[in-house]
Amino acid sequence: SCARHCLSYATRLFTWAEQRGLIDRNPCAGIKPSILIGPEPKGDRVLSLDELAAIWKATSSLDNHDRIVRLLILTGQRRCEIGGLEWSEINLAAKQIELPAKRCKNGRPHIVPLTDLAISLLPERREGHRHLFGKKPRQPFSGWSQTKRRLNQRLGADFAPWTLHDLRRSFVTHLNELGIAEPHIVEAIVNHVSGVKGGVAGIYNRAAYLPERRKALEAWSGVISSLRQPVTTS
């Protein structure tokens with residue numbers, strides 16, 4: 001989480017300063033990450049379809065964070081890619097997000113087809129605001145920990161711990177398990193260069209698979225749409 005990373009970096013900085021006599025004491029000494037945000041959830045969680053339905057229902061207020069979470073469910077992208085979306089990256093005529101290389105973890109430009117359901121989640125454009133979701137004109141979305149905590153409260157104490165990155169893992173898992181797309185198409189959707197497209201194959205296989213990706217995302221959107229009604233389990 002952002003809180004854990006900030007504490008880690010601050011601890012290193014103040015330790016360096018203390019060792020050089022620049023400060024008398026490291027102000028981060030003794031602070032445990034769990035004090036900030038509780039135990040770190042395990043990083044291997046795959047949310048069930050019922051759990052995705054519960055999260056979808058809990059994000060019905062459609063504030064900035066709710067819109068981001070729903071777009072993460074629908075697209076499988078990283079939270080920084082959706083939370084940092086700029087209007088220059090939205091191509092409504094082509095119904096797609098066009099991420100430049102500098103905004104992608106692997107340094108490769110990436111196109112994310114948008115379904116009608118995904119497009120309906122885009123906010124209205126605000127004059128002077130470069131980003132879709134940031135409160136300030138020139139800044140992307142922030143306040144992840146607080147908004148996630150409020151979402152967890154709406155989900156209730158019985159909902160098992162989860163992270164926003166689990167939505168990406170769940171997206172990949174369900175698309176594969178439901179047979180919505182072949183593994184290399186799923187990897188293309190989430191801009192992976194490992195696995196099927198890793199190594200030499202990843203270097204020389206430049207096929208965008210854009211029609212296949214669009215078809216898969218439309219099918220997944222249909223699955224999510226079916227979950228928007230109350231889900232019952234046997």
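- The CZ atom of Arg169 lies 5.0 Å from the NE2 atom of His165; values are rounded to the nearest 0.5 Å.
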Evaluate the side-chain contact (heavy atoms from CB on, under 4.5 Å) criterion for residues Asn191 and Leu99: first the C-alpha distance (whole Å), next the side-chain angles of each, then the deciding distance (0.1 Å), finally the verdict.
CA-CA 11 Å; Asn191 203 15; Leu99 294 174; over 6 Å; no
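- Rounding to the nearest 0.5 Å places CZ of Arg78 at 11.5 Å from CD1 of Ile82.
- Between Leu167 and Ile55 there is a side-chain heavy-atom pair separated by less than 4.5 Å.
- For the atom pair CG of Leu52 and NZ of Lys57, the computed distance is 15.0 Å after rounding to the nearest 0.5 Å.
- The residues Asp116 and Lys95 are annotated as salt-bridged, a charged nitrogen and a carboxylate oxygen being separated by less than 4.0 angstrom.
- The closest side-chain heavy-atom distance from Gln96 to Leu210 is below 4.5 Å.
- Considering only heavy atoms from C-beta on, Lys215 stays 4.5 Å or farther from Tyr209 through its side chain.
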Arg154 and Asp66: salt bridge (charged side-chain N to carboxylate O under 4.0 Å, His left out), yes or no, with the steps?
CA-CA 12 Å; Arg154 295 196 295 273; Asp66 285 356; 3.1 Å; yes
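- Hydrophobic clustering, with ILVMFWY side chains joined whenever heavy atoms are under 4.5 angstrom apart, groups Val69 together with Phe159.
- Between Trp220 and His174, the ring planes are parallel. Angles under 30° get that label, and only those over 60° would be called perpendicular.
- For Ile189 against Leu175, the heavy-atom pair with the smallest separation is CD1-CD2, 3.9 Å.
- For the residue pair Gly84 and Pro140, the shortest heavy atom distance occurs at CA-CB, 3.6 Å.
- Within 6.0 Å of CD on Glu182 lie no more than 12 heavy atoms contributed by other residues, nucleotides or ligands.
- When all heavy atoms of Arg79 and Leu164 are compared, the pair lying nearest together is CD-CD1, 4.0 Å.
- Gln77 and His110 share a side-chain donor-acceptor pair at under 3.5 Å.
- When all heavy atoms are compared, the tightest approach of Phe171 to Ile73 is CD1-O, 3.7 Å.
- If you chain together hydrophobic residues whose side chains sit under 4.5 Å apart, Leu227 and Val46 never meet in one group.
- Considering only heavy atoms from C-beta on, His131 stays 4.5 Å or farther from Phe141 through its side chain.
- Of the inter-residue distances, the one linking His184 atom NE2 with Arg213 atom CZ reads 11.0 Å to the nearest 0.5 angstrom.
- Between the side chain of Ser221 and the main chain of Leu217, no donor-acceptor pair closer than 3.5 Å is present.
- Here the CD atom belonging to Gln153 is positioned 9.5 Å from the CG atom belonging to Leu151, to the nearest 0.5 angstrom.
- Scanning all heavy atoms of the two residues, the minimum distance from Pro123 to Phe133 falls at CD-CE2, 3.7 Å.
- A salt bridge links Glu89 with Arg103: the closest approach of a Lys/Arg side-chain nitrogen to an acidic carboxylate oxygen falls below 4.0 angstrom.
- Within the 3.5 Å criterion, the main-chain N or O of Ala101 finds no donor-acceptor partner in the side chain of Arg108.
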Given side-chain contact (heavy atoms from CB on, under 4.5 Å), test Ile90 with Ile97 step by step and report yes or no.
CA-CA 5 Å; Ile90 303 295; Ile97 296 170; 3.9 Å; yes
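- The distance from the CD1 atom of Ile111 to the CZ atom of Arg214 is 8.5 Å, given to the nearest 0.5 Å.
- Between Leu121 and Arg70 the shortest heavy-atom distance is CD1-CB, 3.5 Å.
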Please evaluate residues Trp162 and Lys148 with respect to the criterion side-chain contact (heavy atoms from CB on, under 4.5 Å), reporting the C-alpha separation (whole Å), side-chain torsions for both, the decisive distance (0.1 Å), and the verdict.
CA-CA 10 Å; Trp162 65 290; Lys148 175 61 162 51; 3.6 Å; yes
Verify side-chain contact (heavy atoms from CB on, under 4.5 Å) between Leu122 and Leu71, making sure each step is shown before the conclusion.
CA-CA 9 Å; Leu122 301 181; Leu71 284 170; 4.2 Å; yes
